[in-house]
Amino acid sequence: MTVVTRIAPSPTGDPHVGTAYVGLFNYALAKRHGGRFVFRLEDTDRERYDADAEAAILAMFDWLGIRPDEGPEIGGPNGPYRQSERLEIYRTHVDALLEAGAAYRAFETAEELDAMRAEQKQRGLPLGYDGRGATVPREEQERRAAAGEPHVVRLRTPEAGETTFHDLLRGDVTIPNAEIKDPVLVKSDGFPTYHFANVVDDHAMEVTHVLRAEEWVTSTPIHALLYRAFGWSEPVFAHLPLLRNPDANKTKISKRKLDTSVASYRDQGILPEALLNFLATMGFHLPDGREVFSLDDFVAQFDPERITLGGPVFDLKKLRHLNAHYLREVLSVEELADRLEPRFEDAGYAWDDEDYLLDVIDVLRPRAETLQELVDAADYFFLPDDAFAIHPEARKKIAAGQQALEDLERSFSMLDFFDEDAVDELLDEYVRSREIKKPAVMMPLRAALTGTTNAPSVTDLAVILGRERVLRRIGRALGEMTAALPDDDPAAAEAAAEAAAKAAEEAARAKREAAIAKARADAAARRGEAAPEGADGA
RNA sequence: GGCCCCUUCGACUAGCGGUUAGGUCACCACCCUUUCAAGGUGGCGGCACGAGUUCGAAUCUCGUAGGGGUCACCA
């Protein structure tokens, strides 16, 4: 028997990490057994329907590398795959249930139901539909329906006894039938409810395994009753643990307490491999205990019976750590560069050759956990020598190391070869000859080259930037310090220095903005795009 | 509240009657070091509780407690 699984998201709002999580596990199960993974759109709620959501969800799975075998876009043998296009199918199935007396038409208005609930509440009764419409004679139901009276269709559920279904992970789960109120199958707008459509579709689409979130456990008996009413065999049910918020009680994951948007993680520079790997460890681990593994590894080793049931907390720290690991240990520099280039272009960075890019990425990647962090930390590698920002701490280091910078400027300009060994030797020699502490030289130089105090090794920086740019940057740094010369009045000197720094930064900022605008325009032109909105005439 | 499910370090988890209860993240310390990272080494830290079964329980049973989910013409 072919294993068929499905992901059945509802097109409401931003694609959710929970959808990715459940999709991943269903995909893995199907692929593990050479089966099919179906994508079905559960768009039966016209109130919450979001026209953009379907494409966004599909885009999310595509980004993750989880590709359905059947779905609304690609079709398949058991379509259509949007529930809103299957209304006729639901109608014939509900007719069968009505005919058999397994379901009935109920005519209570929303007001009536509200009143019923209010009374139940007041009298301390259990809440829920009390089955008052179940006894209306069939002929009357049909007559009123034919007269156009608004109504729903409800499933007739047993009053006594209990209903049991089998959960692959929990064993038999039994719920008293008194807990199951006659649920609505078809809403008054003619659309089916989840309970009904999901059963009809899973059967029609030959779904063999239903892996879904634990929140569905208590309504599964409704589904079991439906399968039995139709005389269909039930799929294997396995309810996945709910992803949890990192709050004290570990409540169900929610966008109020955590970023649940996959697009948001993508934009931040989380890699799809890392997100997938992270989600796979939520309630699951490989038999060999490896914690870093690919989607293919996961598929090859996935066994739903190994799923753990405690609700796993969605831990950003761990996600970021995994992402960082992929950034520096799993991806090659070239692969990383491919993913970074569009971001660099968006940032308005310009570069001449590919090797430069690879060098930059190589020294920066141990220092970043996400793609975007790397981009943000790379500005001084791409902006003109007189345009990158010089932060206040860096300015202080430069001011304190002016003598060293002047000396080094001279030495660098006289160096025969400007490679790693030569630069290293020069710096070591300088430190030795002056009998000063190494940081007293390195920090001012680093500050001058990058405008920041947190950056890669000075030797790496110098070699990557090259002699010309190193000299220009030292020159600029020194130039911006002229106003900081000692004065009779220390307070006045400090104020003057501050004003000068401010002016210098202001000038750099203007140059920076101009450079970024130009680089962006160039990049857009290279991509063959029209100039960005508002860029014309500027 | 009724019903259902769950329970090993702060987090993710290994464990499936006999282990000094293991690994990863986080945290701390040390090493490396030119800042920040990365990397290396080490450390802190856990079987919710109570009975029972057994020669022996993290592992099996029951109870208690705690937590979660669910009780819609939303999915």
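Just so we're on the same page: letters track the sequence lines, and every chain starts at 1. Note that the structure is a prediction, hence the values are computed from the model and not measured.
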Q: Report yes if a donor N or O on one partner sits less than 3.5 Å from an acceptor N or O on the other, where the partners are the side chain of A:Arg367 and the base of B:rC36; otherwise report no.
A: yes

Q. Which part of the nucleic acid, if any, lies within contact of A:Ser219, taking any heavy atom under 4.0 Å across all strands shown: a base, the sugar-phosphate backbone alone, or nothing?
A. nothing

Q.
Under 3.5 Å, is there a donor on one side chain and an acceptor on the other for A:Asp407 and A:Gln403?
A. yes

Q. With both distances under 3.5 angstrom, what nucleotide forms a Watson-Crick or G-U wobble pair with B:rC27?
A. B:rG43

**Q.** A:Asp460 vs A:Glu420, side chain to side chain contact (heavy atoms under 4.5 Å, CB included): CA-CA, chis, key distance, verdict
**A.** CA-CA 7 Å; A:Asp460 286 346; A:Glu420 175 138 10; 3.9 Å; yes

Q: Can you tell me, in whole Å, how much space there is between the C1' of B:rC71 and that of B:rU13?
A: 33 Å

**Q.** Gap in Å between the two C1' atoms, one belonging to B:rA38 and one to B:rU33, rounded
**A.** 11 Å

Q) Which nucleotide in the set B:rA38, B:rC12, B:rU34 lies at the smallest distance from any side-chain heavy atom of A:Ser457? A) B:rU34

Q: Dump the intermediate steps for side chain to side chain contact (heavy atoms under 4.5 Å, CB included) on A:Asp419 and A:Val463, then the final yes or no.
A: CA-CA 6 Å; A:Asp419 61 13; A:Val463 172; 5.6 Å; no

**Q.** side-chain N/O A:Thr218 vs B:rG2 OP1/OP2, d < 4.0 Å
**A.** no

**Q.** Nucleotide-resolved protein contact map, nucleotides 20-32 of chain B, B/S/- at heavy-atom distance under 4.0 Å
**A.** ---BBSS------

Q.
Under a 3.5 Å cut-off for both contacts, is B:rC60 paired Watson-Crick or G-U wobble with anything, and if yes, with which nucleotide?
A. B:rG52

Q. Is there a Watson-Crick or G-U wobble partner for B:rU7 with both distances under 3.5 Å, and if so, which one is it?
A. B:rA65

(Q) Need one value for A:Glu162: base, sugar-phosphate or nothing, where a base atom within 4.0 Å counts as base even if backbone is also close, heavy atoms only. (A) nothing

Q. Heavy atoms under 4.0 Å, any strand shown: does A:Arg170 hit a base, just sugar-phosphate, or nothing?
A. sugar-phosphate

Q) Can you tell me if A:Arg144 and A:His151 form a side-chain donor-acceptor pair at under 3.5 Å? A) no

Q. Is any side-chain heavy atom of A:Ile474 closer than 4.5 Å to a side-chain heavy atom of A:Phe412?
A. yes

Q. Reckon A:Lys187 has a side-chain N or O less than 4.0 Å from the OP1 or OP2 of B:rA75?
A. yes

Q) Is there any salt bridge (Lys or Arg N to Asp or Glu O under 4.0 Å) pair reaching into residues 268-285 of chain A, and which pairs are they, with sequence neighbours excluded? A) A:Glu273-A:Arg339

Q: Using the P atom on both, measure B:rC6 against B:rG63 and round to a whole Å.
A: 14 Å

**Q.** A:Thr193 and A:Arg154: CA distance, side-chain angles, deciding distance, side chain to side chain donor-acceptor pair (under 3.5 Å) verdict
**A.** CA-CA 10 Å; A:Thr193 59; A:Arg154 288 180 184 271; over 6 Å; no

Q. Does A:Arg476 make a cation-pi contact with A:Phe388, if we ask for NZ or CZ under 6.0 Å from the ring centre and within 45° of the axis?
A. yes

Q) Looking only at atom P, what distance separates B:rG45 and B:rC9, rounded to whole Å? A) 14 Å

Q) Distance between the C1' atoms of B:rG23 and B:rG43, in whole angstroms? A) 16 Å

**Q.** Of A:Pro439 and A:Ala8, the one whose closest RNA chain B nucleotide lies more 5'
**A.** A:Pro439

Q.
Suppose you measure atom C1' in B:rA14 against the same atom in B:rU8; what distance do you get, rounded to whole Å?
A. 10 Å

Q.
Could you tell me how far B:rA48 sits from B:rA37 if I compare only their C1' atoms? Round to whole Å.
A. 40 Å

Q.
B:rA14, OP1 or OP2 - any side-chain N/O from A:His285 closer than 4.0 Å?
A. yes

Q. Have A:Asp45 and A:Tyr194 got a donor and an acceptor in their side chains that come within less than 3.5 Å?
A. no

Q) Just checking A:Val184: base, sugar-phosphate only, or nothing, at a heavy-atom cut-off of under 4.0 Å? A) sugar-phosphate

Q: Taking the six-membered ring of A:Phe37 (Phe, Tyr or Trp), confirm whether the NZ or CZ of A:Arg6 is under 6.0 Å from its centre and within 45° of its axis.
A: no

(Q) Using a heavy-atom cut-off of 4.0 Å across all strands, would you classify A:Glu42 as base, sugar-phosphate, or nothing? (A) sugar-phosphate

Q.
Say we look at B:rG18 and B:rU61: how far apart would their P atoms be, to the nearest angstrom?
A. 16 Å

Q) Base, sugar-phosphate alone, or nothing: which one does A:Pro456 contact when heavy atoms must sit under 4.0 Å apart? A) base

Q | Counterpart base for B:rC36, defined by Watson-Crick or G-U wobble contacts under 3.5 Å | A | none

Q | Any residue of residues 144-159 of chain A with a heavy atom less than 4.0 Å from an atom of RNA chain B | A | A:Val152, A:Arg154

Q. Would you say a side-chain N or O of A:Lys252 is under 4.0 Å from OP1 or OP2 of B:rU70?
A. yes

**Q.** Candidates B:rC4, B:rC74, B:rG69 - which lies nearest the side chain of A:Arg48
**A.** B:rC74

Q.
Can you tell whether the side chains of A:Glu119 and A:Arg123 come within less than 4.0 Å, N to carboxylate O?
A. yes

Q. Closest to the A:Asn249 side chain: B:rG67, B:rU35, B:rA75?
A. B:rG67

Q. Looking only at side chains, do A:Ser84 and A:Asp43 share a donor and an acceptor under 3.5 Å apart?
A. yes

Q) Across the strands shown, which category fits A:Pro312 at heavy-atom distances under 4.0 angstrom: base, sugar-phosphate, nothing? A) sugar-phosphate

(Q) Applying a 4.0 Å non-hydrogen cut-off, can you work out what A:Arg365 is touching in the nucleic acid: base, sugar-phosphate, or nothing? (A) nothing

Q. For A:Thr459 and B:rU34, is the shortest distance between a side-chain N/O and OP1 or OP2 below 4.0 Å?
A. no

Q) What nucleic acid atoms does A:Ser10 come within less than 4.0 Å of, heavy atoms only: base, sugar-phosphate, or nothing? A) sugar-phosphate

Q: Identify whether any heavy atom of A:Gly283 sits under 4.0 Å from a base atom; if not, whether one sits that close to sugar-phosphate; answer base, sugar-phosphate or nothing.
A: sugar-phosphate

